[in-house]
Participant: 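Here it is, the structure in full.
As the structure is a prediction and not an experimental result, all values here were calculated from the model.
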Amino acid sequence: MTRMQNETRISDFETGELDLEERQALRRVAGLSTELQDVTEVEYRQLRLERVVLVGVWTTGTAVDADNSLLELKLLAETAGSEVLEGLIQRRQKPDSATYIGSGKALELRDVVEATGADTVICDGELTPAQLRELEEIVKVKVIDRTALILDIFAQHAKSREGKAQVELAQLQYLLPRLRGWGGNLSRQVGGRAAGGVGIGGRGPGETKIELDRRRIRERMAKLRRQIAGMSVARDTMRAHRQGREVPAVAIAGYTNAGKSSLLNRITGAGVLVEDALFATLDPTVRKSRTPEGRLFTIADTVGFVRHLPTQLVEAFRSTLEEVADADLILHVVDGSHPDPEGQLVAVREVFSEIDGALDVPEIVVINKADAADQDVIDRLQRRERNSIVVSARTGAGIEELMAVIERELPRLDLEVTLLVPYDRGDLISRAHKEGEVLSVDHTEDGTVLHARVLPSLYHELEKVAKPVERV
């Protein structure tokens with residue numbers, strides 16, 4: 001392949017297609033499993049999703065809300081690489097404390113699993129270790145909950161060193177209370193009278209393997225926390241550098257698959273991965289851009305949120321989510337074509353409430369995917385959210401209006417000056433073009449008359465060498 005062909009190929013991938021191609025190069029293939037019929041025959045099993053049955057408990061809200069929740073679980077399961085065979089919803093006042101859906105329904109679920117040939121059951125909620133164990137003993141296949149499913153997706157999509165460490169920490173936090181042995185070889189052993197008179201030979205080490213694994217997990221978690229703390233120092237340094245330059249910061253936040261990365265690409269040409277899947281991008285991307293009047297600002301894409309986002313992930317990604325709290329403006333992106341956009345807004349703001357200072361940052365609701373949304377839904381959202389704007393990141397509709405809103409909402413840190421700058425300080429004129437907003441430039445015999453809006457740091461530099469000029 002010639003050099004020109006290479007350059008052409010690279011230029012064709014401008015919106016993360018290289019990352020997308022790499023992700024799709026290795027996919028899970030359904031139907032190629034050797035799952036044991038009885039899950040109690042194995043000790044520790046890695047999460048593997050192939051043919052699944054979904055089950056949810058409807059406790060509050062309407063039937064439409066319950067259907068939407070299970071539909072989202074279906075999208076999560078498909079994103080993880082599984083094939084969804086059946087979905088069941090049970091109406092209860094609260095989940096059953098023993099089996100999540102009740103013993104009778106658990107037997108019905110077993111019949112559905114046998115009829116469909118499923119190898120996994122995914123529950124639309126976070127189950128306790130006892131619920132997981134009891135339900136598995138009844139249905140005789142692997143049972144996982146919503147939290148484990150989301151953690152699996154994060155593990156597949158994490159790319160950066162920090163992202164992988166954050167996901168591993170969240171997985172270990174989830175696994176620790178659920179670690180257990182299977183089969184009689186790990187049953188608790190004691191000696192003497194407690195062993196029922198077994199006496200010599202009845203004494204044993206007990207559940208040593210589990211205790212050793214728990215200790216290893218705790219040690220690994222401590223190491224990961226130290227690593228993440230060290231990596232967050234670099235993030236804090238970069239953030240402090242941006243703040244030191246007094247450049248306003250904008251954060252893009254919102255529900256997963258609402259189009260945040262597409263919006264970032266549209267505004268800045270960042271070229272990050274775009275995929276019609278939940279949690280397609282996890283690593284934050286910070287780029288710089290300019291308003292229509294030329295003001296410089298930074299814009300950061302953050303990890304997507306979802307209903308009942310696992311607390312382990314919120315804790316592990318706290319250093320990343322601080323980009324939201326440290327911003328001067330939040331672009332809260334919502335999918336206008338989603339069946340329940342209001343629910344998306346509520347879910348994201350619940351996560352905001354767990355981040356110190358995030359609720360105090362000014363917010364613009366960006367109703368995205370206008371090209372695919374129903375106009376009645378858009379009108380309803382605009383009535384609900386007064387400070388909102390409708391855009392389509394795919395077609396570019398509404399982007400100019402959005403940039404004008406960003407211009408209006410960003411805090412004005414700059415100062416308007418008219419100064420005579422000596423010709424030997426052309427570096428200050430260049431900085432004014434890069435960091436500020438130049439309104440006019442007039443070249444005279446004595447120097448350059450600069451009329452611009454500049455940041456305080458540049459103003460102090462100009463004040464040392466330039467002379468004030470009165471505007472006529």
Participant: Can you find a pair of side-chain heavy atoms, one from Lys74 and one from Leu54, that are under 4.5 Å apart?
Facilitator: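 A side-chain contact exists here, since the closest heavy-atom pair is under 4.5 Å.
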
Participant: What is the distance from atom OG of Ser388 to atom CD1 of Ile364, rounded to the nearest 0.5 Å?
Facilitator: 10.0 Å

Participant: Are Glu136 and Arg133 within salt-bridge range, i.e. N to O under 4.0 Å?
Facilitator: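 Salt bridge flag = no for Arg133 with Glu136.
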
Participant: Please name the pair of heavy atoms, one in Ala300 and one in Val286, separated by the smallest distance, quoted to 0.1 Å.
Facilitator: CB-CG2, 3.8 Å

Participant: Is it the case that the side chain of Ser82 and the backbone of Ala77 share a donor-acceptor pair, with hydrogens and angles ignored and the cut-off at 3.5 Å?
Facilitator: yes

Participant: Quick one: do Asp124 and Ser69 satisfy side chain to side chain donor-acceptor pair (under 3.5 Å)? Show the steps, please.
Facilitator: CA-CA 8 Å; Asp124 191 19; Ser69 182; 2.5 Å; yes

Participant: Using side-chain heavy atoms (C-beta onward) and a distance below 4.5 Å, is Val250 in contact with Leu331?
Facilitator: yes

Participant: Is any side-chain N of the basic residue among Lys369 and Asp335 closer than 4.0 Å to the acidic one's carboxylate O?
Facilitator: yes

Participant: When you look at Lys223 and Glu219, which way does the side chain to side chain contact (heavy atoms under 4.5 Å, CB included) test go after all the steps?
Facilitator: CA-CA 6 Å; Lys223 183 178 180 180; Glu219 291 173 351; over 6 Å; no

Participant: Looking at every non-hydrogen atom in both residues, tell me the closest pair between Gly336 and Ile367 and how far apart they are.
Facilitator: CA-CG2, 4.0 Å

Participant: Which heavy atom in Ala148 sits nearest to a heavy atom in Tyr174, and how many Å separate them?
Facilitator: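 Heavy atoms of Ala148 and Tyr174 come nearest at CB-OH, 3.7 Å.
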
Participant: Could you go step by step and tell me if Leu381 and Glu342 meet the side chain to side chain contact (heavy atoms under 4.5 Å, CB included) rule?
Facilitator: CA-CA 8 Å; Leu381 287 171; Glu342 289 88 354; 3.9 Å; yes

Participant: Please find the pair of heavy atoms, one from Ser97 and one from Gln131, that lie closest to each other, and give the distance.
Facilitator: O-CG, 3.4 Å

Participant: Got a second to check how far Thr256's OG1 is from Gln344's CD, nearest 0.5 Å?
Facilitator: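 That separation rounds to 9.0 Å.
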
Participant: Check Tyr255 against Lys260 and note the closest heavy-atom contact, atom names and distance.
Facilitator: O-NZ, 3.0 Å

Participant: What do the steps show when you test Leu76 against Ile122 for side chain to side chain contact (heavy atoms under 4.5 Å, CB included), and what is the final call?
Facilitator: CA-CA 10 Å; Leu76 286 168; Ile122 304 179; over 6 Å; no

Participant: Are any non-hydrogen side-chain atoms of Gln90 and Leu88 less than 4.5 angstrom apart?
Facilitator: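 Heavy-atom side-chain distance check fails, nothing below 4.5 Å.
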
Participant: Roughly how far apart are Tyr100 OH and Asp145 CG, rounded to 0.5 Å?
Facilitator: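 Interatomic distance, Tyr100 OH to Asp145 CG, rounded to 0.5 Å: 9.0 Å.
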
Participant: Tell me, yes or no, whether the heavy-atom count around Arg91 atom CZ, taken from other residues, nucleotides or ligands under 6.0 Å, exceeds 12.
Facilitator: yes

Participant: With a 4.0 Å cut-off, would you call Arg307 and Asp340 a salt bridge?
Facilitator: yes

Participant: For Glu354, is the CD atom crowded, meaning more than 12 foreign heavy atoms sit under 6.0 Å from it?
Facilitator: yes

Participant: Any chance CD of Gln93 has more than 12 other-residue heavy atoms, nucleotides or ligands included, within less than 6.0 Å?
Facilitator: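 Count not over threshold, so no.
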
Participant: Check for a donor-acceptor pair, side chain of Arg92 on one end and backbone N or O of Val57 on the other, with a separation under 3.5 Å.
Facilitator: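 No; judged by distance alone, with no hydrogens or angles, the pair does not exist.
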
Participant: Pick out which of Leu109, Val121, Asp96 makes a side chain to side chain contact (heavy atoms under 4.5 Å, CB included) with Ile101.
Facilitator: Leu109

Participant: Between Ala325 and Ile355, which heavy-atom pair has the shortest distance, and what is it?
Facilitator: CB-CG2, 4.0 Å

Participant: Do NZ/NE/NH1/NH2 and the carboxylate oxygens of Lys164 and Glu168 come within less than 4.0 Å?
Facilitator: no

Participant: Any chance you could measure Leu175, atom CG, to Arg214, atom CZ, to the nearest 0.5 Å?
Facilitator: 10.0 Å

Participant: May I ask you to test the Arg220-Leu169 pair for a side-chain heavy-atom distance under 4.5 Å?
Facilitator: no

Participant: Salt bridge (charged side-chain N to carboxylate O under 4.0 Å, His left out), that's the test. Do Glu108 and Lys105 meet it? Break it down for me.
Facilitator: CA-CA 5 Å; Glu108 294 180 22; Lys105 291 297 180 183; 3.6 Å; yes

Participant: Below 4.0 angstrom, N of the basic side chain to O of the carboxylate: do Glu114 and Lys140 qualify?
Facilitator: no

Participant: Using a cut-off of 6.0 Å, state whether more than 12 heavy atoms not belonging to Arg161 lie near its atom CZ.
Facilitator: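 No - once you tally the heavy atoms of other residues, nucleotides and ligands closer than 6.0 Å, there are 12 at most.
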
Participant: Leu172 and Leu176: side chain to side chain contact (heavy atoms under 4.5 Å, CB included), yes or no, with the steps?
Facilitator: CA-CA 6 Å; Leu172 293 176; Leu176 185 60; over 6 Å; no

Participant: When Val391 is tested against each of Leu402, Val333, Asp371 for side chain to side chain contact (heavy atoms under 4.5 Å, CB included), which residue passes?
Facilitator: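 Going through Leu402, Val333, Asp371 one by one, the side chain to side chain contact (heavy atoms under 4.5 Å, CB included) with Val391 is satisfied by Leu402 alone.
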
Participant: Do the non-hydrogen side-chain atoms of Asp379 and Arg383 ever get within less than 4.5 Å of each other?
Facilitator: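 Of all side-chain heavy-atom pairs linking Arg383 with Asp379, at least one is under 4.5 Å.
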
Participant: Measuring from atom CZ of Arg51 to atom OG1 of Thr116, what distance do you get when rounded to the nearest 0.5 angstrom?
Facilitator: 7.0 Å

Participant: Just wondering, do Arg349 and Glu363 contact through their side chains at under 4.5 Å, heavy atoms?
Facilitator: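 They are in contact (side-chain heavy atoms under 4.5 Å apart), so the answer is yes.
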
Participant: Would you please say whether a donor-acceptor pair under 3.5 Å links the side chains of Thr62 and Asp65?
Facilitator: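 Present: a donor and an acceptor within the cut-off.
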
Participant: Is there side-chain contact between Val377 and Pro341, with heavy atoms separated by less than 4.5 Å?
Facilitator: yes

Participant: May I ask you to check whether Asn68 and Glu72 show a side-chain donor-acceptor distance below 3.5 Å?
Facilitator: no

Participant: Do Arg110 and Val113 have side chains that get closer than 4.5 Å, going by heavy atoms?
Facilitator: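 When only atoms from C-beta onward are counted, Val113 and Arg110 do not touch, as no gap falls below 4.5 Å.
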
Participant: Just how far is it from atom CD of Glu409 to atom OG1 of Thr291, taken to the nearest 0.5 Å?
Facilitator: 13.0 Å

